[in-house]
Amino acid sequence: MSSVSTSAAAAKGLDGVVVASTGISQVFGNEGRLVYRGYSIGQLAGKATFEEVCHLLWKGHLPNQVELDEIRSMMSARRALPEAVLATIKAMPASTDPMDDLRTGASAIGAALPISGPATYEQALTLTAMFPTIVATFDRLRKGKEPIAPRADLSHAANYLYMLTGNIPHESHVKSLDTYLVLLADHGMNASTFTARVIASTESDICSAVVGGIGALKGPLHGGAPALVMDMLDQIGAQNNIKPWIDRALDGHIKLMGFGHRVYKTTDPRAEILRTMAQQSSTPEFFALARGTEEYALEELHRRKSDQRLYTNVEFYSAAVLNSVGLDRDLFPSTFAISRVSGWTAHVLEQMVGNRLIRPQSEYTGRTDLVFTPVSERP
Ligand code: ACO
């Protein structure tokens, strides 16, 4: 048997491979530090609003008051969905996964507006403005309720909660959600951002890049984990079940949701901030269960996999925070996307500057010596 050997061995999962230059964000994995355009995440979380961070990611600097007023009014003016997008969402069965709804709705925006040509700031802003409306519209419809039109006088976070419930949200919920949106907006060359950049590098449109990003984010190894964290905490149920549950899972080689990261080799700084938020916003019983689970999980992960440096990732306490603002758990991944679309679009805009097609190679492990036989002669 003859097979081909390529000169370079594949880096499994592209571990450690640098695929782009970016000035947008960087994860310093050993230090447990995340930087958006020069600012450590701790500088921004709880201080800058999501709209300010969008400006930072897209334009490269925090907005002054005039710029902030402008981006706020531009985003709020673009929240309503085109009729064709509404009709697309209405056509979906109530049982549709909200991430499938978001992916379809985002794609419909590209067709309805339409979005084409080289990516623009305006397109980035429009997609980001419309994401909460897609998610809230579908959530209302699947519950047999009328969709609620967006309100231009509310912030991005407040308007999302308003469109879900029809009520002006509590200030503390808005603050928690807004901080969550800031924390999740960008994260170096994560899988969904890489996907969006690959699509952008073919000179496809920004909507296609974002739709690809949603697809990549959906998986449990990326943005699909927090609902599974809640499922895990439900199954654990009580303090005295933490140890047996975790031991059983790890004995069965099941990965614990909300732990481990490709880049962080210490605690994810976002998890630290979200832990504090979760403590403030959850019931004492729930927080005690989550904290107890985290502590025992880390102890066991460090004992069993001492070479791996596994720590709590962003998804563990995201679950608690999103739960405390009243979101259904199957909306957690789409709420992640409502934040991350700002980062995807910033990366698409950056990719367009001096773009070169992203086209890596693969290590072929198949045969090269087979001879064709007609179907009638095949065994
Ligand atoms: N629980 C138990 N063991 C784990 C975990 C975990 N959460 N994470 C990694 N490990 C172990 C693996 O079993 C493997 O052990 P082995 O070498 O003995 O087989 C080793 O650590 C390396 O794991 P990989 O999956 O190769 O690490 P990778 O860097 O490829 O994956 C990932 C990172 C996907 C986040 C992984 O840690 C994981 O699956 N975590 C659980 C899911 C999760 O929390 N996802 C959200 C990620 S955060 C985000 O994307 C926003």
Side-chain angles (χ1 to χ4, degrees), residues 11-17 25-35 40-42 45 180 183-184 187-191 217 219-282 284-324 329 332-333 336:
K12 201 165 180 203
L14 294 184
D15 195 350
V17 176
S25 73
Q26 178 67 358
V27 180
F28 297 92
N30 285 320
E31 299 164 40
R33 215 172 144 224
L34 167 63
V35 170
S40 283
I41 195 66
Y180 167 85
L183 288 171
L184 277 287
H187 203 239
M189 204 43 52
N190 61 89
L217 187 69
L221 301 192
H222 193 5
L228 302 174
V229 170
M230 289 303 290
D231 293 347
M232 174 175 78
L233 293 174
D234 275 355
Q235 285 168 30
I236 293 174
Q239 291 286 340
N240 61 5
N241 195 29
I242 292 174
K243 183 177 178 330
W245 197 97
I246 300 269
D247 288 348
R248 216 171 27 249
L250 291 176
D251 289 348
H253 304 287
I254 291 171
K255 280 185 169 178
L256 302 177
M257 291 295 128
F259 297 92
H261 199 275
R262 175 64 62 78
V263 185
Y264 288 117
K265 297 304 163 203
T266 182
T267 308
D268 181 332
R270 301 166 302 171
E272 305 260 18
I273 297 168
L274 288 162
R275 185 193 296 116
T276 306
M277 288 166 63
Q279 182 164 21
Q280 288 159 359
S281 60
S282 311
E285 298 72 33
F286 179 82
F287 183 75
L289 181 68
R291 185 70 175 133
T293 301
E294 182 193 21
E295 284 172 346
Y296 185 69
L298 289 177
E299 194 182 310
E300 273 307 286
L301 287 170
H302 292 164
R303 192 180 68 76
R304 294 177 188 233
K305 301 191 183 254
S306 51
D307 56 328
Q308 292 295 336
R309 298 172 69 191
L310 299 170
Y311 290 87
T312 315
N313 67 43
V314 69
E315 303 287 43
F316 190 76
Y317 284 108
S318 285
V321 168
L322 295 178
N323 189 53
S324 73
R329 67 182 67 170
F332 294 176
F336 187 164

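All values reported here derive from a predicted model rather than from experimental measurement.
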Can you measure from [atom1] ([X]) to [atom2] ([Y]) and round to the nearest 0.5 angstrom?
X: Thr266; Y: His261; atom1: OG1; atom2: NE2; answer: 12.5 Å
X: Glu285; Y: Gln239; atom1: CD; atom2: CD; answer: 10.5 Å
X: Glu300; Y: Leu310; atom1: CD; atom2: CG; answer: 12.5 Å
X: Asp234; Y: Leu228; atom1: CG; atom2: CG; answer: 11.5 Å
X: Leu233; Y: Ile242; atom1: CG; atom2: CD1; answer: 8.5 Å
X: Met257; Y: Asn313; atom1: CE; atom2: CG; answer: 9.0 Å

query: With under 30° as parallel and over 60° as perpendicular, where do the rings of Tyr180 and Phe336 fit, or are they tilted in between?
result: perpendicular
Any idea which heavy atoms bring [X] and [Y] closest together, and the distance?
X: Ala320; Y: Ala278; answer: CB-CB, 3.7 Å
X: Glu315; Y: Gly258; answer: CB-CA, 4.4 Å
X: Pro226; Y: Gly223; answer: CD-O, 3.3 Å
X: Arg262; Y: Leu14; answer: NH1-C, 4.4 Å
X: Leu289; Y: Ile236; answer: CD1-CG2, 4.0 Å

Can you check whether [X] reaches [Y] side chain to side chain, under 4.5 Å on heavy atoms?
X: Ile273; Y: Ile41; result: yes
X: Thr276; Y: Gln280; result: yes
X: Ile254; Y: Met232; result: no
X: Met277; Y: Tyr317; result: no
X: Trp245; Y: Leu256; result: yes
X: Asp247; Y: Pro244; result: no
X: Tyr264; Y: Leu34; result: yes
X: Asn30; Y: Arg309; result: yes

- prompt: Taking it one step at a time, do Leu183 and Leu274 satisfy side-chain contact (heavy atoms from CB on, under 4.5 Å)?
  reply: CA-CA 9 Å; Leu183 288 171; Leu274 288 162; 3.7 Å; yes
message: Show, in sequence, the C-alpha distance, side-chain angles and deciding distance for Glu299 and Arg303, and conclude whether the salt bridge (charged side-chain N to carboxylate O under 4.0 Å, His left out) test is met.
response: CA-CA 6 Å; Glu299 194 182 310; Arg303 192 180 68 76; over 6 Å; no
field: Qualifying residues under side chain to side chain donor-acceptor pair (under 3.5 Å), relative to Ser25, sequence neighbours excluded
entry: Asp186
task: Quick one: list whatever passes side chain to side chain donor-acceptor pair (under 3.5 Å) with Asn190, sequence neighbours left out.
output: Ser192, Thr193, His222, Arg340
query: Stepwise, does the side-chain contact (heavy atoms from CB on, under 4.5 Å) test hold for Asp231 with Arg329?
result: CA-CA 9 Å; Asp231 293 347; Arg329 67 182 67 170; 2.8 Å; yes
message: Among residues at least two apart in sequence or on other chains, which ones pass salt bridge (charged side-chain N to carboxylate O under 4.0 Å, His left out) with Arg275?
response: Glu272, Glu294
Salt bridge (charged side-chain N to carboxylate O under 4.0 Å, His left out) against Asp251, all qualifying residues, sequence neighbours excluded: Arg304
message: The criterion is ring-ring contact (aromatic ring centres under 6.0 Å, His included); which residues satisfy it with Phe332, sequence neighbours excluded?
response: none
message: Applying ring-ring contact (aromatic ring centres under 6.0 Å, His included) as the test, list every pair that has at least one member in residues 284-305; sequence neighbours left out.
response: His302-Tyr311
